[in-house]
Amino acid sequence: MADNPYNHIEIEKKWQKRWAEDGTFTTPDMPAGKKSYVLDMFPYPSGEGLHVGHPKGYIATDVYARMMRMQGYDVLHPMGWDAFGLPAENYAIKNKIHPRIAVEKNIARFKEQLQNIGFSYDWNREINTIDPEYYKWTQWIFLQLYKKGLAYESFEPINWCPSCQTGLANEDLDQGKCERCGSIVEKRPMRQWMLKITDYAEQLLSGLETLPWPKSIIESQKNWIGKSEGAEISFRFLPLTKPARRTGGGELEGVSVDVFTTRPDTLFGCTYLVLSPEHALMQNILSHVDNKVEVAAYIKSASEKTEIDRTDAAKEKTGVELRGVRAKNSASGEEIPVWVADYVLADYGTGAVMAVPAHDDRDFAFAKKYELPVVTVVNEENKLINSGEFNGLDAEDAKQKITEKFGKTTTNYKLRDWVFSRQRYWGEPIPIVHCEEDGIVPVPEDQLPVLLPEVEHYEPTGTGESPLAAITDWVSTACPKCGKPAKRETNTMPQWAGSSWYSLRYIDAKNPDQFVDSEKEKAWMPVDVYVGGAEHATRHLIYARFWHIVLHELGFASTPEPFMRLEHVGLILAEDGRKMSKRYGNVVNPDDIVALVGADTLRIYEMFMGPFNQSVSWSTAGISGPRKFIERLWRLAQASIGQDHQDSEQVLYAINKSIKKVSEDTATFRFNTAIATLMECLNVFEREKAVSKESLETFIRLLAPYAPHVCEEVWGRMGYAGGISRARWPVADERYLAEKTIVIPVQVNGKVRAEISIARDASQEEVEALARQQENVVKHVAGAQVKKVVYVPSKLINFVW
RNA sequence: GCCCGGGUGGCGAAAUGGUAAACGUUGCUGACUUAAAAUCAGCUGCCAGAAAUGGCUUGUGGGUUCGAUUCCCACCCUGGGCACCA
């Protein structure tokens with residue numbers, strides 16, 4: 001044995017080469033029988049390369065995919081690159097290399113790192129979002145969205161990152177800061193392309209009910225969509241009071257303002273109205289108020305605040321009364337004042353609220369500060385008071401009845417339309433032409449792709465225009481409709497475009513002439529298992545679902561949802577407990593681990609670290625366990641191969657139990673306990689010094705998805721020609737699963753006092769008799785009257801007195 | 001503030017109503033060795049005890065049960081999502 005040690009470097013290279021040469025993992029165009037589509041969230045190829053945290057999810061899908069193949073499934077398990085977008089572009093700018101060159105280099109590095117780990121990807125299906133044959137179809141989808149009225153130009157103020165110098169979607173913000181660079185985001189009015197994701201709020205929400213996803217991700221998406229049901233209620237303005245009438249021309253009488261509330265039951269307690277500074281009626285009202293100068297100044301100051309200041313609930317609320325303007329609470333009949341305050345958001349609900357200080361904390365704080373009246377309308381028992389004919393009603397009941405009489409039911413969502421254009425170079429050009437006569441004209445589909453031009457200067461301009469705007473040759477084009485000179489749209493698509501449909505492209509990866517062959521699409525979709533980080537819950541996973549739902553409606557996707565099962569991978573932190581980052585100098589490169597202890601050890605270690613979806617710290621000491629496990633297996637195989645060994649009852653039990661447990665645990669992503677079971681099984685094997693050919697063979701099959709290289713090698717040495725990757729997955733033999741003799745505890749009043757060894761099929765009488773003889777049991781029963789005997793077959797026996 | 005997780009040995013953890021701590025790591029002891037490494041064997045939750053054994057122990061307090069890490073109630077701590085969203 002000592003002269004034949006386990007040489008991971010030689011063995012792993014040998015099998016990786018063999019798999020590539022033999023096309024072991026090439027997937028058929030169409031599945032022949034049962035299929036499984038096992039997908040990783042594809043990486044963006046950053047300049048830092050992979051650290052050991054990245055492959056954790058990839059190892060999990062690979063283990064799963066390999067087991068499914070052995071169970072007779074045709075498995076689609078592809079990999080690709082999400083290479084457009086800010087991370088790649090910022091890296092390129094910083095290092096003064098063209099993004100295309102930087103990305104190509106990074107992809108080569110990533111791919112080599114992945115291949116060292118022995119993944120069973122079908123590299124024939126490799127895709128890259130910056131490939132014109134890929135983004136041709138990203139642009140094509142945009143045109144389908146445009147035709148359906150879901151893509152539109154807007155001039156509203158949007159989030160602007162002063163450092164990245166581009167507009168951003170709400171999803172790209174983190175606490176009012178740019179998710180990429182951390183800069184405080186400003187509001188900036190500019191021309192934008194928007195996607196009407198809000199039209200799909202309800203479908204995005206109801207679709208969640210059909211998905212067996214982790215609770216946390218479902219909850220995050222629900223929170224993000226932010227549905228709230230309530231009422232819209234109209235408040236009429238009253239004739240202007242005298243001073244107001246003197247200052248302005250015209251009247252407000254007959255004009256009304258709508259408010260949105262989730263508490264229509266508290267309508268009688270509404271003692272004032274509040275409009276947001278940006279409210280549509282504000283300019284009209286401004287000309288009538290007595291304190292015009294004061295109000296105008298307030299509106300101006302609100303517009304100058306950053307989003308963070310505006311939305312900080314902890315800050316004291318400010319506002320100004322619109323003097324001279326009064327409205328009527330038609331429920332209570334009261335005349336109420338109208339205020340403007342920036343705690344009311346312009347873009348949610350109607351941009352105006354009915355203030356009920358008695359039942360809303362924010363209104364209460366505001367009313368206290370400005371000495372506005374507070375009227376309680378719901379009592380301790382949740383019944384209405386001070387509410388006229390509704391007094392005594394239950395609040396829930398009153399919501400409905402008051403809405404019926406004074407307003408109408410409405411639903412609001414927090415979800416905002418998707419700001420879809422970026423003033424940056426490194427993205428898919430939006431396939432639109434602007435013509436003086438015909439306005440916005442989509443590029444005809446047969447002229448796609450609109451190629452991203454090669455440029456010398458790709459740095460952002462900061463002017464609100466993309467760097468593409470400076471390339472006159474490219475911008476100038478002919479209007480597809482009238483043929484006259486026209487200009488190309490110069491904004492590009494955001495990072496998230498290419499990743500919003502890539503699961504479809506893998507199915508027909510190398511077909512430049514067709515979106516996705518519908519027969520193949522039907523055969524492979526949906527993605528059966530999708531694995532990636534939880535940080536994508538409200539970005540990628542919402543966008544991709546949105547596009548997929550639309551593609552489904554248009555008949556290009558056969559399933560309403562793209563991803564059936566979703567598993568989220570927990571982070572691997574550095575040994576110091578912090579995130580792995582070049583900045584902290586705590587990055588562990590998988591290449592080093594592979595060189596030192598081998599890919600199989602890395603794979604087992606990462607799956608064994610703890611529950612898959614949980615964050616764990618890397619531990620250098622911890623790797624030795626999995627490495628020793630492989631070496632012990634190697635030695636046991638050496639000792640067993642060629643021997644004619646008979647297995648003991650314990651070995652047969654252990655191996656059959658392992659079949660059951662490893663099959664179940666791998667299927668449910670409980671990899672850590674699957675490996676623990678295999679370790680226990682090997683411990684039993686080792687007590688016998690060697691095992692039979694059958695048991696070794698079964699063990700190798702079970703371990704193969706986790707440690708494919710060493711298992712291929714042992715498999716080959718056992719004399720099998722076909723690789724382990726296509727070997728049959730074992731099935732447990734029930735005959736060996738029940739041990740003949742078992743040890744159960746004997747309890748007295750619920751405390752363990754002895755252990756007895758019994759035959760599995762022993763009767764209760766036998767067990768009880770044996771248990772009563774135990775010295776320690778006799779002692780603890782001590783002649784007392786046993787009131788009850790609890791016997792759970794093959795678990796325990798308990799005497800109660 | 002609202003919503004969703006989680007809290008178990010020195011450390012990563014296992015057990016989802018039935019012997020708490022499997023599996024791995026760390027540490028200690030021993031075998032082998034001139035020695036070390038590797039390997040193998042034993043011990044390793046806390047307290048008392050020479051041992052047998054007894055008591056305690058899954059964030060805290062209560063409850064249900066013959067029996068609770070597991071189910072129920074309240075609280076504390078912690079990670080995450082949303083958040084002046086009316």
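What you see is a predicted model; the values in this text were computed from it and never measured. Quick note on labels: first sequence line is chain A, next is B, and so on, each numbered from 1.
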Base partner of B/U34, which must satisfy Watson-Crick or wobble distances under 3.5 Å: none
A/T318 versus A/Y298, side-chain donor and acceptor atoms under 3.5 Å: yes
P gap between B/U70 and B/U78, integer Å: 22 Å
Touch class at under 4.0 angstrom, heavy-atom based, for A/V800 against every strand present: sugar-phosphate
N/O (side chain, A/Y343) to phosphate O (OP1/OP2, B/A86) under 4.0 Å: no
Distance below 4.0 Å between A/R753 side-chain N/O and B/G55 OP1 or OP2: yes
Side-chain N,O (A/T673) to OP1/OP2 (B/A22) below 4.0 Å: no
Side-chain N,O (A/K215) to OP1/OP2 (B/G5) below 4.0 Å: yes
Under 4.0 angstrom between A/H780 side-chain N/O and B/G54 OP1 or OP2: yes
Identity of whatever pairs with B/C82 - Watson-Crick or G-U, under 3.5 angstrom: B/G1
For B/C71, the Watson-Crick or wobble partner whose two distances fall under 3.5 Å: B/G63
Base B/C66 paired with A/N798 side chain (donor-acceptor, <3.5 Å): yes
B/G5 phosphate, OP1 or OP2, under 4.0 Å from A/N613 side-chain N/O: no
Sugar-phosphate, base or nothing in reach of A/T677, heavy atoms under 4.0 Å: nothing
Carboxylate-amine/guanidinium proximity below 4.0 Å for A/E775 and A/K779: no
Short side-chain N/O contact to B/C56 OP1/OP2 from A/K751, under 4.0 Å: yes
Partner nucleotide of B/C23 by Watson-Crick or wobble geometry (both distances under 3.5 Å): B/G12
Phosphate OP1/OP2 of B/A14: any A/N672 side-chain N/O under 4.0 Å: yes
